[in-house]
Amino acid sequence: MDAPRPPIDESYWMATTPSTRYPAPDTDLTADVAVVGGGIAGLCTAWDLLRAGLDVVVLEADRIAAGVSGYTSAKMTAAHGLMYARLEAERGADDAALYARSQQEAVERTVSLCAELGIDADLERAPALTYAQDPGRVGELEQEAAAARRAGLDASFVTDTDLPFDIAGAVRVEGQLQFHPRKFLLALAEHFTSSGGRIFERARVTGLHDGHRCRLTTESGTTVESRDAVIATHYPVFDRSLLFTLLKPRRELVVAAPVPSDAAPRGMYLTPEGGVRSLRGAPYDDGRRLLIVTGESFEPGTADVRERLERLTQWAGAQLPHFAEADIRYRWAAQDNDSVDHLPYVGHAHPGTQHVYVATGFGGWGMSNGVMAGRLLTAHVAGGPRPPWTELYDPRRLPPVRDAARLAAHQAAVAKHFVGDRLHTTHVDSVRDIPLGSGAVVRLDGRRCAVHRDESGQVSALSARCTHLGCLVHFNNAEQAWECPCHGSRFATDGSVLHGPATRPLPPREVPESTEPTEP
């Protein structure tokens, strides 16, 4: 009998590192800078600010490095798909070069930090390759390789790879990095606290007063007063600039299995074909490598996730012979935010503030952008020379006219969910129609409720309105979570917040006895 499949939320990075136990705040605090969010952007920013001589406190809603940074593919690279030809065409060669320089500097900064602090994060230098199997895309790849070279990267067009299948061509960028993000971040956090920094977990920030000084309120009622505040929560939880209208959330699925060492590619591979596919290897036990396969991008709350997971698994088995024979040990999902113009937002949160900063919109490349954000935000907060790419990432920039159609399409999709979902009477007819281990939106006593039936048949109900802006949530049947299709907030089946921008849980609702199933 086959062993049961691992749960979808089991990330290799999470499973192979210890849990953290930093304290929750039990009194009011003061600091020079409060950093909200304990992922790679928040921790790297906190470290750089501390090294600049500032008193820094990190406030993490749950556990550090256990959100997006704990569920990534962990490729630290300046090669971001087919980015450079598009960036050069849209913004010019100078901006493309600045982007490449900022990203490659983040790669080198990670290597130097690990050497300086003695961090063993399974660093491996590897080329990053963007490939296509369709011969019709060769010209596109050749243009990307040329643009990446002009931008300053060690890039070339190649037709030979160590993939176990034929390709039409690939853009190869040398000198990139893959690593274990949790080993890196947990060690960095230890160095941060031993050097005088403070980290608080289970410290979800629910309020922010932005004035001459910042005042942050946590869900426990404690406050933090600081001169400056950095919002590094992946999706801004406080957003007077309405950045959420310029961000589009998406999730990708990951499956990983141990294979013989010589069966895993040494490069990091990405293809835009087939709904995007990504491949990389990682050190494993007994001389084997863990083959990590990513793909099946979808917007939260809009897909049959189980079906997509099966499709990704089938693709991996068909394309990678050793993967088909291996036991899948880990399955997880990652969430990213794409900006309208494909560039991150790092800097002042909105035109009216001098003390609140944001880092978001990393577009699937959070490892390099998180490190980049640390240096850029430290230059803003601590003073001194700012990097030449400061304006490139400024959140206050206006969306280019050419992106108006893209922005309108995104806002129309949000409006469709916000209004259209309410036009449906219900997502299922009754609680009895909900399968075991699943959930659906049901009208109970005239109100739409998010109703979940666990494997034993126990029924629980929550408000179906996302506490961010009120869109109706949908159930993710693979991850057993409620998701907002408008801005990507995610909630556990008990209503607690798993992922922002929402900061408040879904309120519980009563289930009338007449609607409860009589048997599982």
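One-based numbering along the sequence shown. Computed from a predicted model, the values in this text were never measured in an experiment.
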Decide ring-ring contact (aromatic ring centres under 6.0 Å, His included) for W482 and F475; before the verdict, give the C-alpha distance in whole Å, the side-chain angles of both, and the deciding distance to 0.1 Å. CA-CA 5 Å; W482 296 101; F475 192 70; 4.9 Å; yes
Please test V346 against F362 for side chain to side chain contact (heavy atoms under 4.5 Å, CB included), starting from the C-alpha separation and ending with a verdict. CA-CA 9 Å; V346 181; F362 295 159; 4.2 Å; yes
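Between P258 and L290, the closest heavy-atom pair is N-CD1, 3.6 Å.
Below 30°, between 30° and 60°, or above 60°: for Y357 and H348 the angle between ring planes is between 30° and 60°, a tilted geometry.
A salt bridge links E252 with R250: the distance from a Lys NZ or Arg NE/NH1/NH2 to an Asp or Glu carboxylate oxygen falls below 4.0 Å. Under 4.0 Å is where a charged nitrogen must lie from a carboxylate oxygen, and between R125 and E108 at least one such pair does.
With rounding to the nearest 0.5 Å, the separation of CZ in F184 from CG in D120 is 12.5 Å. Within the model, atoms OG1 of T17 and OH of Y12 stand 9.5 Å from one another, a figure rounded to the nearest 0.5 Å.
A cation-pi contact links R277 to W315, judged by a cut-off of 6.0 Å to the six-membered ring centre and 45° from its axis.
Shown here are the side-chain contact (heavy atoms from CB on, under 4.5 Å) partners of E273, two or more places apart in sequence or in another chain: A132, Q133, D134, R137, T271.
The SG atoms of C471 and C484 do not sit under 2.5 Å apart.
Side-chain contact between R280 and Y269: absent, with no pair of heavy atoms (C-beta onward) separated by less than 4.5 Å. V173 places none of its side-chain heavy atoms less than 4.5 Å from the side chain of T77.
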